[in-house]
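Structure record follows, encoded as structure tokens.
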Amino acid sequence: MAFSVFPIIDLQTGQVQFTVQGRWHTRYIADPAHLERLVSRSSRRPVFDPRAGELVVFVAAAGQPDGRRCAFRLAKFPGTIALARVRG
């Protein structure tokens, strides 16, 4: 079952937050800027599919009234890429 969500996207950490049935969920994405661009052009609210672990965005497109489907794989934990370097 998929749920309509309104995601909050953190461009610095890749964190995506949203509520499903009154509970907050936090997931991570590799390219948050790309997700933000598509959400801003979406033709309807994104949909979260918990079984697939995907956030589906429907982007407005000529000749497609429902929008073009773009799925983003969300991770439960951040990747292993360091966001900052510690010197010392």
Side-chain angles (χ1 to χ4, degrees):
M1 177 177 214
F3 300 93
S4 177
V5 297
F6 187 74
I8 300 169
I9 305 163
D10 186 329
L11 296 175
Q12 298 300 314
T13 64
Q15 192 176 78
V16 180
Q17 295 182 8
F18 49 86
T19 58
V20 172
Q21 296 181 332
R23 292 186 59 198
W24 279 99
H25 293 266
T26 302
R27 298 291 188 271
Y28 296 87
I29 189 165
D31 190 357
H34 184 62
L35 175 60
E36 181 192 38
R37 280 192 303 276
L38 292 184
V39 167
S40 69
R41 294 179 35 221
S42 63
S43 58
R44 61 182 183 179
R45 287 180 70 161
V47 174
F48 175 63
D49 182 354
R51 286 191 180 143
E54 291 181 338
L55 184 66
V56 180
V57 180
F58 301 91
V59 180
Q64 296 180 339
D66 291 335
R68 188 182 79 226
R69 184 182 189 278
C70 298
F72 290 86
R73 184 65 109 164
L74 300 178
K76 288 188 178 185
F77 302 99
T80 57
I81 299 170
L83 297 176
R85 218 176 247 186
V86 179
R87 294 182 188 208

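The figures here come from the full heavy-atom set of this structure, side chains too, leaving out hydrogens, waters and symmetry mates.
- For the residue pair S43 and D66, the shortest heavy atom distance occurs at OG-O, 3.3 Å.
- Cluster annotation: V56 and V16 are assigned to distinct hydrophobic clusters (Ile/Leu/Val/Met/Phe/Trp/Tyr, side-chain heavy-atom contacts under 4.5 Å, transitive).
- Counting only heavy atoms from C-beta outward, the side chains of H34 and F72 approach each other to under 4.5 Å.
- When all heavy atoms are compared, the tightest approach of P32 to G14 is CG-CA, 3.8 Å.
- Here the shortest heavy-atom pairing between V5 and T19 reads CG1-O, 3.7 Å.
- To the nearest 0.5 Å, atom CD1 of residue I9 and atom CZ of residue R27 are 15.0 Å apart.
- Connection of F58 to L35 is not established within any shared hydrophobic cluster, with ILVMFWY side chains joined at heavy-atom distances below 4.5 Å, either directly or through further cluster members.
- Contact record, Y28 with T13: CD2-O, 4.1 Å, taken as the closest heavy-atom pair.
- When every heavy atom of E36 is checked against every heavy atom of L11, the shortest pair comes out as OE1-CD1, 3.5 Å.
- Using cut-offs of 30° and 60° for the angle between ring planes, the H25 and F48 rings count as tilted.
- Linking ILVMFWY residues whenever their side-chain heavy atoms come closer than 4.5 Å, directly or via other members, places V20 and L55 in the same cluster.
- Two different hydrophobic clusters hold L38 and V47 under the rule that ILVMFWY side chains link at heavy-atom gaps under 4.5 Å.
- In terms of hydrophobic clustering, with Ile, Leu, Val, Met, Phe, Trp and Tyr side chains grouped at heavy-atom distances under 4.5 Å, F18 and M1 are assigned to a common cluster.
- We find the CZ-CZ distance between R41 and R68 to be 6.5 Å, quoted to the nearest 0.5 Å.
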